[in-house]
Amino acid sequence: MKEIAGDLTAQGIRLAIVVSRFNAIFTEQLLKGALDAAARHGVCADAITVVRVPGANEIPLAVSRLAKAGAVDAVVALGAVIDGATDHAMLINTSVARALCQIGLDNGLPVLNGIVCAHSLDQAIERSGSKAGNKGFDTVVAAIETVNVLKQL
């Protein structure tokens with residue numbers, strides 16, 4: 001039996017992080033977590049590109065451009081969408097998640113969704129660096145592992 005598994009060694013990995021400015025109180029914490037994970041696992045600071053977009057809905061277009069340019073090994077999408085009184089958050093979360101998945105498949109590139117989809121401000125706080133961890137950190141770790149798995153396939 002042959003088993004393929006990724007490790008968390010990130011030397012030489014080129015990473016792009018696309019982060020939404022909307023809900024910056026959360027997204028800046030997600031970005032800090034993402035950059036911390038990258039540094040802890042050996043991604044060189046010069047190998048990281050951070051792209052800021054207005055909101056979560058604009059993330060897929062920037063991710064698509066990065067994927068087509070071929071200059072990175074993985075793209076991490078960070079944002080925060082919090083439910084309100086309408087279905088707007090659900091519509092945004094669904095369309096962005098589908099688009100990110102399709103971009104990754106179309107380009108053979110790890111595109112990881114680190115967008116916090118929360119029902120409340122408390123949930124967004126929890127997922128942006130408090131008791132539930134930091135989704136930005138976790139998403140970069142998953143990106144590193146995925147890149148290393150794909151190198152073996």
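One is the number of the first residue; the rest follow in order along the sequence.
Counting heavy atoms from C-beta outward, S128 and N134 have side chains that stay 4.5 Å or more apart. Between D83 and S120 the shortest side-chain heavy-atom distance does not fall below 4.5 Å. Residues V81 and I115 form a side-chain contact, since some pair of their non-hydrogen atoms from C-beta on lies under 4.5 Å apart.
Sorted by first and then second residue, the pairs that involve residues 60-80 and meet salt bridge (charged side-chain N to carboxylate O under 4.0 Å, His left out), not counting sequence neighbours, are R14-D73. Among residue pairs with one or both ends in residues 141-153, those qualifying as side chain to side chain donor-acceptor pair (under 3.5 Å) are D7-N148; sequence neighbours excluded. Here side chain to side chain donor-acceptor pair (under 3.5 Å) pairs that include residues 22-41, with residues two or more places apart or in two chains, are E28-R52, D36-R40.
A donor-acceptor pair is defined here as one N or O able to donate and one able to accept, closer than 3.5 Å; such a pair exists between the side chain of S95 and the backbone of I92. Judged by distance alone, the side chain of T139 and the main-chain N or O of K135 form a donor-acceptor pair under 3.5 Å.
With a 6.0 Å radius and a threshold of 12 heavy atoms from other residues, nucleotides or ligands, I25 has its CD1 atom at or below the threshold.
V96 and V116 fall into different hydrophobic clusters, where Ile, Leu, Val, Met, Phe, Trp and Tyr are joined by side-chain heavy atoms under 4.5 Å apart, directly or via other members. Residues V43 and V50 share a hydrophobic cluster, clusters being chains of Ile/Leu/Val/Met/Phe/Trp/Tyr side chains in contact below 4.5 Å. Residues L112 and V63 do not share a hydrophobic cluster, defined by chaining ILVMFWY side chains whose heavy atoms lie under 4.5 Å apart.
Taking L121 as the reference, F26, I82 meet the side chain to side chain contact (heavy atoms under 4.5 Å, CB included) condition, with sequence neighbours excluded. Among residues two or more places apart in sequence or in another chain, the side chain to side chain contact (heavy atoms under 4.5 Å, CB included) test is passed with A74 by L15, P110, A143, V147. By the side chain to side chain contact (heavy atoms under 4.5 Å, CB included) test, V51 is found to be paired with V18, T49, V53, A62, L66, residues two or more places apart in sequence or in another chain being considered.
Counting all heavy atoms, side chain and backbone alike, A118 lies closest to A124 at CB-N, 3.6 Å. Taking both residues in full, the closest heavy atoms of A37 and V141 are given as CB-CG2, 4.1 Å, listed atom of the first, atom of the second, then distance. Here the shortest heavy-atom pairing between T9 and I144 reads O-CG2, 3.9 Å. Contact record, V72 with A16: CG1-CB, 3.9 Å, taken as the closest heavy-atom pair. In terms of heavy-atom proximity, A56 sits nearest to S20 at N-OG, 3.5 Å. Heavy-atom minimum distance, L100 versus A77: CD1-CB, 3.7 Å.
Rounded to the nearest 0.5 angstrom, L78 CG and I59 CD1 are separated by 7.0 Å.
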For residues 101-109, please give each side-chain donor-acceptor pair under 3.5 Å, one per line with the distance, not counting sequence neighbours.
from, atom 1, to, atom 2, distance (Å)
Q102, NE2, D106, OD1, 2.7
N107, ND2, I103, O, 2.9

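Each of V75, L30, L35 was checked for a side chain to side chain contact (heavy atoms under 4.5 Å, CB included) with I17, and the lone residue meeting it is L35.
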